[in-house]
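Beneath this line is the structure, given in structure tokens, with notes to follow.
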Amino acid sequence: MVAGDIVQQQLDAEGALEGLSKKETKKLVNERVGAASQDLAARLADRIASTGRFASVEAENGYINIGYDVDATTNRLVREVLEQGATYGHAAPDSQNFKVMIEHSQLNTHKAAHVGHLRNICLGVALSNISDAAGYSTIRTTYIGDIGRHVIRCLWCYKAFHADEEPPAGHSRGRWLGELYVESGNRLRYREDVLKFLNTLIKEDAGLQEGIDRVLKNLWNTDDPVDGEDIAYILGRVTNGEEMTAEGFVDTDTVVPFFTLLGDYLRAAVVQIDQENTEAVAQANARLEEWQQLHATIDWWPHVPRWTEEEKATFQLWEQQDPAFVELWHTTRGWSMDELQEIFEEFGAEFDVWFSESEVEEDGREMARELLQRGIAEISDGLPVVKIDEKLGLEQETYRTMPILRSDGSTLYSTKDLALARRKFENYDIDQSIWVVDVRQSLYFDQITKILELYGFDEAEANLHEGYEFVTLPGGIMSSRKGNAPLLEDVRNATISRALNVVQEKNPTLAAAEQEQVAHDIAIGAIKYVMLARDGNKVIVFDPDEALSFEGHAAPYIQYAHARACRILERGGVTDVDVLAALESTSFVKPVAEELNLLQQISAFPEMVQRAASERRPLHITNYVFELAKRFNDFYHEAPVLQEGVDPAVRQARLALVTATKVTLANGLALLGIVAPEQM
RNA sequence: GCCCCAGUAGCUCAGCGGAUAGAGCAACCGCCUUCUAAGCGGUAGGCCGUAGGUUCGAUUCCUACCUGGGGUACCA
């Protein structure tokens, strides 16, 4: 760019540009700029070299390569690393003079955590660590979803169907509640699911039109014949390829015998189909399987409307703070919290402040009232909402309309978040408030922020949504109903047992307890690395097999480099303290290329921490630490430390380099919340 | 419809307007009497989604389009 300007000025001064079109000017400048930049680089290089501050300065291809005095620079660097130890790379605490609150790991009680939550925890922990290390005063917080529709549903299901059951002992009680929540959804959504199945069949199954007659005939022949109008309804929908609704039936329970008889048709379809056509066979089988699953609970059908009423009534029990219900809530909440604590501990999530939805509910309700009173919110179709675009005077739809309470007066997520956002600034004197929540909520958080602005809350703009894409499975979107969303606990267990196998195979002489500890560190590290080594705006396709791979670009590769470094130091019989003490007499003369590459990478760490913090991208640290491990492995193969024939001075220098590498690797991994074992 | 995100090697992903676009996995060929082979070296593999624009220079910035994903008033 500079060279371009210079060339242009030169040509201008020479008068060479006179009368030329813009395009011709460009062409001329273009022709000369390459040479000019090389010339410029060479002249600059000369000038830099003349300062005598660098060991070598070379101009190459328009770039300037500067060489340092290796011995002095290395000594200084290694000293810095060893003196600072676990804080190498960190800025002085609070040196940024900026206080930030990071909210993450908003797990729910009464519900099982899945791999998507795992990404949140890993990201939140890493972002907090990095923020802290970069010198931002960081308050770690979480916001537990201990009330809301999921809790109500779970407890409704508990009271209605499982009240007399003994919940399992110990930590699986939380998981048990999670299963109840899934069951509640299946029950309440049952009619929808059945109708969806029927309507897909009507739309996609060409054979149904022919087969329907027999099904309907059998419907006449049951002991308790169904209404003729309903049979006509079914026939009409099928022949016209139109969707059925529950309301379309005179007697909605007609669906029960109809759905049962449909099984005969589907079973026959599997047999009749051309067996050569594997795709059609697979589809027919899949349909039959889905039918079987739904049919297993066909007796649910008549009850669904009543259940829906019961769910509403359960909401009201909470709203009215019914003592028995509140007690049940409190007890079951405790079961889940025990489990959440374990997860947090295992994944290194520590919090300075704990929030939960139940504690901000009243504040939120109060705020909603005020918003209505002040005319910022209004009742639209019986629903309290803020018409944000209208209030901001925006022509184009941008922030749309946000409900701030349910029409029955119960609170929504938004009700509570408005209150919480305000509380954070009022009680903790922060400069910035960050939500680590997946990207699907970005409109939601924009809405919250804008409503706070309309409310007159000055700090609203200091809210920041740190979004990240969600986690899917190789097969497609996860659906908890189909049960193919891997639960956090399952992923954790599978990875740990897999890691244990590898450790036992690779390091059979290690004591069993050590093997288990190492396997644990490796497994958790592997999971975390997968979650952090992709940019936030990339969807992670979570392949359990790949997460379990311990080779290549993954945490174990880095941990292995660290363990190797530890091993060398152990065999060399030196500690960090010894190396530091000997530094005065350590000289780094004529290092090989692998050593220089390693040194360069170590020295880049502090800057990388700053960058990761300011961009809020732990990815920079995962990349950094992988590159560092790679360079160490290169060094390991090319530059022997303890082997015979290595000059004692070289050995001393290399031991120092290995120590600095070990410290930096451990520090980098620590920022990611990954443990660096000393042996593997 | 409107808004957001992604599209780079067979797959998963890096790539701070600049040098010959890089890793890992998978494939193929090598390296353990040596500080741990969870490692290292090599081979092969690319219209950087498409078309314009800005720039001396674009994978990178802008616009449009294509493809995929997500969001879009009483889910969280």
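Side chains are part of it too, since the values below use all heavy atoms of this structure and drop only hydrogens, waters and symmetry mates. The chains referred to below are lettered A, B, ... by the order of the sequence lines, with proteins before strands, and numbering in each begins at 1.
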Rounding to the closest angstrom, what is the interatomic distance between [N] and [M] at atom [atom1]?
N	M	atom1	value
rU72(B)	rU63(B)	C1'	25 Å
rU20(B)	rC25(B)	C1'	25 Å
rG24(B)	rG41(B)	P	8 Å
rA73(B)	rC66(B)	P	24 Å
rC11(B)	rA19(B)	P	26 Å
rA44(B)	rG7(B)	C1'	25 Å
rA21(B)	rG45(B)	P	14 Å
rG46(B)	rC40(B)	P	25 Å

It should be established whether [X] places a side-chain nitrogen or oxygen under 4.0 Å from OP1 or OP2 of nucleotide [N].
X	N	value
R564(A)	rU36(B)	no
Y413(A)	rA76(B)	no
K538(A)	rA6(B)	no
R440(A)	rG70(B)	no
R631(A)	rA23(B)	no
Y636(A)	rA37(B)	yes
N537(A)	rA6(B)	yes
Y557(A)	rC40(B)	yes
N633(A)	rC40(B)	yes

Decide, yes or no, whether a salt bridge links [X] with [Y] under the criterion of side-chain N to carboxylate O below 4.0 Å.
X	Y	answer
R119(A)	E469(A)	no
R611(A)	E607(A)	no
D408(A)	R406(A)	no

May I ask you to verify whether the side chain of [X] and the base of [N] hold a donor-acceptor pair under 3.5 Å?
X	N	value
E397(A)	rG1(B)	yes
Q559(A)	rA38(B)	no
S407(A)	rC74(B)	yes
R400(A)	rU72(B)	yes

For a quick check of understanding: with a heavy-atom distance under 4.0 Å over all strands, which category does [X] fall into, base, sugar-phosphate or nothing?
X	result
Q441(A)	base
L412(A)	sugar-phosphate
E615(A)	nothing
M680(A)	base
Y444(A)	base
A526(A)	nothing
E505(A)	nothing
N507(A)	nothing
R651(A)	nothing

Could you state the atom-to-atom distance from [atom1] of [X] to [atom2] of [N] in whole Å?
X	N	atom1	atom2	result
L669(A)	rA38(B)	CG	C1'	14 Å
I558(A)	rG24(B)	CD1	C1'	11 Å
K111(A)	rC75(B)	NZ	P	13 Å
I404(A)	rC75(B)	CD1	P	15 Å
F470(A)	rG71(B)	CZ	C1'	10 Å
Y529(A)	rC13(B)	OH	P	14 Å

From the list [options], which nucleotide is the closest neighbour of the side chain of [X]?
X	options	result
D634(A)	rG39(B), rA73(B), rC40(B)	rC40(B)
R406(A)	rU34(B), rC75(B), rC13(B)	rC75(B)
H637(A)	rG71(B), rC40(B), rC5(B)	rC40(B)

Could you label the plane-to-plane angle of the F626(A) and Y557(A) rings as parallel, tilted or perpendicular, counting under 30° as parallel and over 60° as perpendicular?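 Aromatic pair F626(A)/Y557(A) classed tilted.
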
Where is the tightest heavy-atom contact between V115(A) and M531(A), given as atom of each residue plus distance?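 The pair with the smallest heavy-atom distance is O-CE, 4.0 Å.
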
Minimum heavy-atom separation for I376(A) to K391(A), with atom names?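 Closest heavy-atom pair between I376(A) and K391(A): O-CE, 3.3 Å.
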
Within a strict 4.5 Å, meaning less than it, do heavy atoms of the L418(A) and I451(A) side chains meet?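 The answer is yes; the side chains approach within 4.5 Å.
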
rC32(B): syn or anti, with syn meaning chi within 90° of zero?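 Because its glycosidic torsion lies within 90° of 0, rC32(B) adopts the syn conformation.
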
Under 3.5 Å: donor-acceptor pair, side chain of D389(A), backbone of L394(A):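 Checking the backbone N and O of L394(A) against the side chain of D389(A), no donor-acceptor pair under 3.5 Å is found.
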
Base-pairing assignment for rG45(B) (Watson-Crick or G-U wobble, both under 3.5 Å):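 Base-paired to nothing in any strand shown.
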
